[in-house]
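Only one structure is covered here, and it is reproduced in the block below.
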Amino acid sequence: VAAAQTGRALRHVRQRDDGFRKNRILNIAIASSTAEYLVFIDGDCLLHPGFIARHIACARPDRYMSGGLVRMSPELTRRIFADPAPVHAGAIWGRPWQVEAGLWGNLHHRVKLMPESAGPVFDRMSLARKRWIGANASAYREAIRRVNGFDMGLDYGAEDQEMGVRLENTGVRPYSIRYTAPALHLDHNRVYAASKRNAANIALIRSHRAAGTQRTQNGLTELGVQAGAA
């Protein structure tokens, strides 16, 4: 329906469920795309109506977007699944629903939910470390191709940040849209996660920073397809 209404082609890629292989399917998606600019999201996120427009408006070849998330509680997530009408109507991006849902009780959440007013100011003032956030990031496809995409050998835990470090080593710097491109993150279990911090991945990131590593040896090329192929 969306494709028919917008005139844009939609392509769905998939892989066998064989454990945590997110970086592999991301590389498959990158390789299947012909778009000049790529925006990365997760399927467990609800995007602000201006989300994509903000990513595109800030796009430059020498930077990638570093976004953020508002993490919802298990209770609020269950409520949304039980009654998705506010999502379909767009009410979840209005102050009345957010206040009633308890999101404004958290100051950190509140400033992330005011992208048109306070958002630009907080983006400039934020002291949060800018890094690749797998559920809210974007970059030019050519920049991603130069670093050979995502490292498919990495397990869960900072596996997305690793590519961001390699992008930075090529001169593509992170740009904060933490407060101007909000996404609501639905709560869920992570049966694949032994720890929130993967020590091996963190060590690899530190090694890449020190060595200036730009390309992974287990990325797009090793997948056997070229970025931009149909």
Side-chain angles (χ1 to χ4, degrees), residues 1-69 115 130-154 156 159-178 180-183 185 208 213-230:
V1 175
Q5 291 176 342
T6 64
R8 298 181 183 275
L10 298 180
R11 182 183 293 110
H12 178 251
V13 296
R14 63 182 180 177
Q15 66 182 357
R16 184 178 65 255
D17 185 358
D18 189 19
F20 186 83
R21 298 192 298 163
K22 179 181 178 181
N23 281 1
R24 182 178 184 275
I25 193 62
L26 288 176
N27 280 347
I28 291 173
I30 293 166
S32 78
S33 174
T34 57
E36 180 182 9
Y37 196 75
L38 304 179
V39 180
F40 294 80
I41 61 176
D42 280 353
D44 53 11
C45 293
L46 305 173
L47 310 181
H48 184 270
F51 183 93
I52 299 295
R54 178 61 176 166
H55 274 266
I56 294 174
C58 296
R60 280 185 5 192
D62 62 345
R63 65 191 185 192
Y64 70 80
M65 298 303 109
S66 175
L69 303 171
K130 302 177 183 67
R131 54 191 174 88
W132 186 277
I133 303 293
N136 191 341
S138 62
Y140 276 91
R141 183 162 58 91
E142 175 58 23
I144 295 172
R145 187 197 64 79
R146 284 199 303 269
V147 300
N148 203 22
F150 291 89
D151 185 333
M152 297 185 293
L154 302 186
Y156 174 80
E159 78 289 339
D160 46 6
Q161 297 175 36
E162 187 270 347
M163 188 185 73
V165 171
R166 289 186 283 108
L167 284 172
E168 292 171 39
N169 289 341
T170 69
V172 178
R173 312 302 298 176
Y175 182 81
S176 177
I177 53 172
R178 184 180 179 87
T180 51
H185 182 275
H208 285 346
T213 303
Q214 297 181 0
R215 286 180 62 85
T216 177
Q217 300 304 309
N218 189 13
L220 284 167
T221 301
E222 290 68 35
L223 189 62
V225 293
Q226 295 297 316

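Values below: every heavy atom of this structure, side chains too, minus hydrogens, waters and symmetry copies.
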- Which value, rounded to the nearest 0.5 Å, describes the distance between Gln161 atom CD and Ser66 atom OG? 9.5 Å

- Query: Can you list the residues that meet the salt bridge (charged side-chain N to carboxylate O under 4.0 Å, His left out) rule with Arg54, with sequence neighbours excluded?
  - Reply: Asp123

- Asn148: partners by side-chain hydrogen bond (donor to acceptor under 3.5 Å, both in side chains), with sequence neighbours left out: Thr221, Glu222

- Message: Using the salt bridge (charged side-chain N to carboxylate O under 4.0 Å, His left out) criterion, which residues pair with Arg166? Sequence neighbours excluded.
- Response: Glu162

- Contacts of type side chain to side chain contact (heavy atoms under 4.5 Å, CB included), residue Asp62, not counting sequence neighbours: Arg60

- Would you please name every residue forming a side chain to side chain contact (heavy atoms under 4.5 Å, CB included) with Ala139, sequence neighbours left out? Tyr64, Trp132, Ile144

- Task: Just jot down the salt bridge (charged side-chain N to carboxylate O under 4.0 Å, His left out) partners of Asp17, sequence neighbours excluded, or say none.
- Result: none

- How would you list, by chain and number, every residue that makes a ring-ring contact (aromatic ring centres under 6.0 Å, His included) with His208, sequence neighbours excluded? none

- Note on the structure: Lys130 meets the side-chain hydrogen bond (donor to acceptor under 3.5 Å, both in side chains) criterion, sequence neighbours left out, with none

- Do any pairs count as a salt bridge (charged side-chain N to carboxylate O under 4.0 Å, His left out) and have a residue in residues 23-42, sequence neighbours left out, and if so which ones? Lys22-Asp42

- Message: Phe51: which residues meet the ring-ring contact (aromatic ring centres under 6.0 Å, His included) condition with it, sequence neighbours left out?
- Response: His55

- Under the salt bridge (charged side-chain N to carboxylate O under 4.0 Å, His left out) rule, collect the residues that match up with Glu168, sequence neighbours excluded. Arg209

- Task: For Arg14, enumerate each residue passing the side chain to side chain contact (heavy atoms under 4.5 Å, CB included) test, keeping only those at least two apart in sequence or located in another chain.
- Result: His12

